[in-house]
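The block underneath contains the structure these notes are about, expressed in structure tokens.
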Amino acid sequence: MIPTLRGRLQTRLFAVIVIGGVCTALVTPLLPGFPPGTPVSERYVDTFSVLAAVLVLGIFWEFVYHFLQQFRWEKDWPTLFGLLTFANEVLLVWFALRLGWVPNIESLPPARLWITHFVIVWIVIFGFLNGPMKVVFIRWRFRGGRLVGP
Amino acid sequence: MTDHSATIAPGRGDQRGHTDESSGSHPVLSKDIWSDHDARSFGAPVESAPLVSIGGGMGSFAFTHILRIAGLTAHDVRVISDIDRPYETYELLCRNSQIPAYERIRSDSGSMMDNIWGFPGYALRETFNRGLRRRAGLTGLGRALAPSWNVLLEPIGVDYYTPMSSQVFESCDREMVRLNWPGHLLPGTARNIRRRQEGGYFTVYLPRDRTRRQLRIVQSQHLHVSVGYPGLRFLPDLQRYRTEYGDSTSVVNAYEEHEHVYDQLRARGGTVIVRGSGIVAIRIVQRLLDDRAAGANLTIVHLFRNYVENSQGSGFQRRRGRRGFAYQGFNYPKSGWGGQLFDQMMRTESPEGRSAIIRRTGGTNIPHRRAWEKSLTAGLNGGWYRQLQGEVESVVPGHPGTVSRVRSANGSTQEVFADFIIDGTGLEADPREHRLLADLLDHGGAGINGSGRLDVDRNFEVRGTRSGSGRLYAIGAATLGGYVAPVDSFLGLQLASLLVADDLARQGFCKRIGPIRSTRQWWRWARNVAP
């Protein structure tokens with residue numbers, strides 16, 4: 001990818017809200033780790049709260065990535081980086097959950113619950129951005145990842 | 001041996017800027033704007049089409065591919081072309097510059113002339129194309145997965161994946177059938193463009209049917225010009241040598257057919273000078289190093305005018321450099337095709353500013369390839385590959401071969417004897433050197449930009465050529481110095497074509513390619529169904 005800052009932010013918003021949103025809506029009832037008898041509505045509150053954390057923290061990360069990208073002559077963001085950044089992002093989400101920064105979630109949920117959720121969303125977004133996204137939005141790759149605006 | 005410099009492609013005659021008998025000197029040609037009466041008075045049959053693309057090479061093909069996706073038909077888009085397959089010129093230049101069918105070109109996995117979406121890329125397609133891999137001798141699971149694995153990692157620890165030239169041509173063949181490419185063609189060579197008084201354009205062209213050398217005129221609302229390079233470019237001292245001594249055997253251009261050089265060096269050995277430090281020169285050097293490794297007793301003297309000692313620039317603008325070469329994956333930084341560099345170019349209004357960016361980020365450079373680096377090192381250590389920096393003062397016959405007088409930076413001169421000199425400095429790009437473009441500058445209202453090429457706006461419309469509701473666009477090498485840097489690359493042609501298609505859609509000429517149309521058309525492409 002050859003993102004611009006605005007393209008990064010737009011792509012992040014689209015990817016997490018739309019793709020991550022659909023993905024979360026589909027997998028929440030199937031995720032392991034909820035205490036038995038948790039109503040479906042509460043499960044959704046939990047998973048979408050984690051997704052919201054990924055979105056907000058992700059915007060912070062995009063600024064960091066954009067800065068790091070400046071050190072690259074090509075001003076590109078290699079595909080591999082899109083996988084490696086899994087590590088730092090999951091770590092920050094873990095901190096946020098532990099410190100109780102995430103609204104609606106008072107204590108750290110079981111790892112197999114939120115990490116499973118995180119991994120699934122990450123892989124689906126990674127796969128979508130590296131393929132189908134270019135098919136649906138023909139100009140996306142030529143516009144630094146922007147979907148709207150100049 | 002004849003001088004090949006005038007002809008660079010099969011079927012493509014000399015495109016340089018001089019008139020001949022068939023373009024005629026009809027008095028009406030002196031008029032810049034024609035009425036319908038003028039067109040009739042020219043005495044050639046007049047046909048009409050909504051849009052005409054002149055060129056028929058990769059640029060016309062990329063443009064037509066996108067316009068078909070945007071809902072136009074073969075009836076709407078006619079292509080004046082003197083070649084049958086859009087890649088013919090490119091293929092010839094590849095072959096001459098030592099990129100045979102299963103050698104890899106310098107192009108990204110996602111730059112596919114048959115697929116504007118960039119998915120699935122050439123790497124993934126190579127993985128699943130067993131026939132292609134078998135023909136290239138790349139059998140086995142490891143070699144099948146290698147391209148896909150490479151694009152996942154690149155460029156961290158691995159070189160950029162690039163497709164084999166044959167894969168590009170085969171994919172174009174498939175798309176030509178899908179689009180019914182022959183149905184778009186008006187076989188021939190465009191000679192003159194005149195604006196039509198009532199709006200639109202007239203294009204005078206010479207049909208390819210050589211038995212009936214009668215000019216024809218096609219009238220269109222819009223016009224698209226993508227004629228590529230006018231011809232080969234020789235360094236002035238080499239051009240002088242060829243003209244003065246009538247010897248185009250010892251001094252050759254990398255882009256013309258020059259197998260006799262390798263044949264003789266293999267058979268009898270000798271010394272060869274390679275001029276230039278870009279992608280063409282390095283490929284020639286590699287071919288020679290391969291021949292040396294296979295037993296040829298040859299010595300290569302690589303002559304650099306600008307020797308890149310080490311990395312250039314500082315901070316956020318540092319480009320790798322070593323052993324004479326500047327390194328980057330492709331001819332511009334990747335962001336030139338739609339990222340930060342693209343935005344910077346689009347924002348830069350001054351032509352001088354854009355030229356400066358182009359010089360800084362483009363210029364002469366080569367990609368890093370492990371195998372190449374290894375054979376360069378071996379050649380330097382073994383003494384059969386020498387590097388020399390300096391300006392050539394003169395080239396004269398050496399009985400046998402040639403003698404080049406080279407003045408180095410410290411002022412000293414030396415004579416270099418060589419059996420052959422290969423000029424790898426590139427192609428001629430001055431629009432004045434192209435018959436049609438020169439005519440467009442003289443009569444069509446077109447102008448020159450800060451880089452000496454055709455002046456186009458952000459949508460690749462040629463400034464000064466608008467005619468009523470008609471618009472004239474140009475893409476490709478002729479438009480360097482505009483708002484897009486990598487204009488003469490595959491992806492650059494596609495990016496430019498998309499910008500033109502969007503501009504045409506805004507005028508209601510074709511459909512805008514939104515998410516639904518794009519997805520549906522991709523699905524048709526995937527099933528190999530006509531758009």
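Lettering follows sequence order; numbering is per chain, from 1.
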*Measure from the side-chain N and O atoms of B/S518 to the backbone N and O of A/V135, and report whether any donor-acceptor pair falls under 3.5 Å.*
yes

_Donor-acceptor pair, distance only, cut-off 3.5 Å: does the side chain of A/E74 make one with the backbone of B/G329?_
yes

*Is any side-chain N of the basic residue among A/R146 and B/D343 closer than 4.0 Å to the acidic one's carboxylate O?*
yes

_Between A/R72, A/Q70, A/K134, the one whose heavy-atom pairs under 4.5 Å with chain B are most numerous_ = A/Q70

*Residue selection (most heavy-atom pairs with chain B, distance under 4.5 Å) from A/F71, A/W73, A/F142*: A/W73

*At a heavy-atom separation under 4.5 Å, does A/L83 approach chain B through its side chain, its backbone, both, or neither?*
side chain

*Name the region of A/R143, side chain, backbone, both or neither, that has any atom closer than 4.5 Å to a heavy atom of chain B.*
backbone

[X] atom [atom1], over 12 foreign heavy atoms within 6.0 Å:
X: A/Y44; atom1: OH; value: yes
X: B/R506; atom1: CZ; value: yes
X: B/W372; atom1: CH2; value: yes

*Under the side-chain contact (heavy atoms from CB on, under 4.5 Å) rule, what do A/I138 and B/W522 come out as? Steps first, then yes or no, please.*
CA-CA 10 Å; A/I138 201 168; B/W522 180 84; over 6 Å; no

*asked:* Are A/L5 and B/Q340 packed together at the side-chain level, in the sense that at least one heavy-atom pair is separated by less than 4.5 angstrom?
replied: no

*Would you say A/P78 and B/K334 make side-chain contact, with heavy atoms under 4.5 Å?*
no

*Select all residues of residues 112-123 of chain B having any heavy atom within less than 4.5 Å of some heavy atom of chain A, and report them by number, or 'none'.*
B/N115, B/I116, B/W117, B/G118, B/F119

*Using heavy atoms and a sub-4.5 Å threshold, report which of residues 316-323 of chain B line up against chain A, by residue number.*
B/F316, B/Q317, B/R318, B/R319

Pairs of heavy atoms under 4.5 Å with chain A: top-ranked of [options]:
options: B/F330, B/Y332, B/W337; answer: B/W337
options: B/L491, B/I516, B/L499; answer: B/L491
options: B/L152, B/L498, B/T361; answer: B/L152

Can you tell me how far [atom2] of [Y] sits from [atom1] of [X], rounded to the nearest 0.5 angstrom?
X: A/N130; Y: B/L124; atom1: CG; atom2: CG; result: 11.0 Å
X: B/Q344; Y: A/T4; atom1: CD; atom2: OG1; result: 13.0 Å
X: A/T79; Y: B/L153; atom1: OG1; atom2: CG; result: 9.0 Å

*Using non-hydrogen atoms and a limit below 4.5 Å, what part of residues 19-27 of chain A faces chain B?*
none

*Applying a criterion of heavy atom separation less than 4.5 Å, what residues of residues 84-108 of chain A form contacts with chain B?*
none

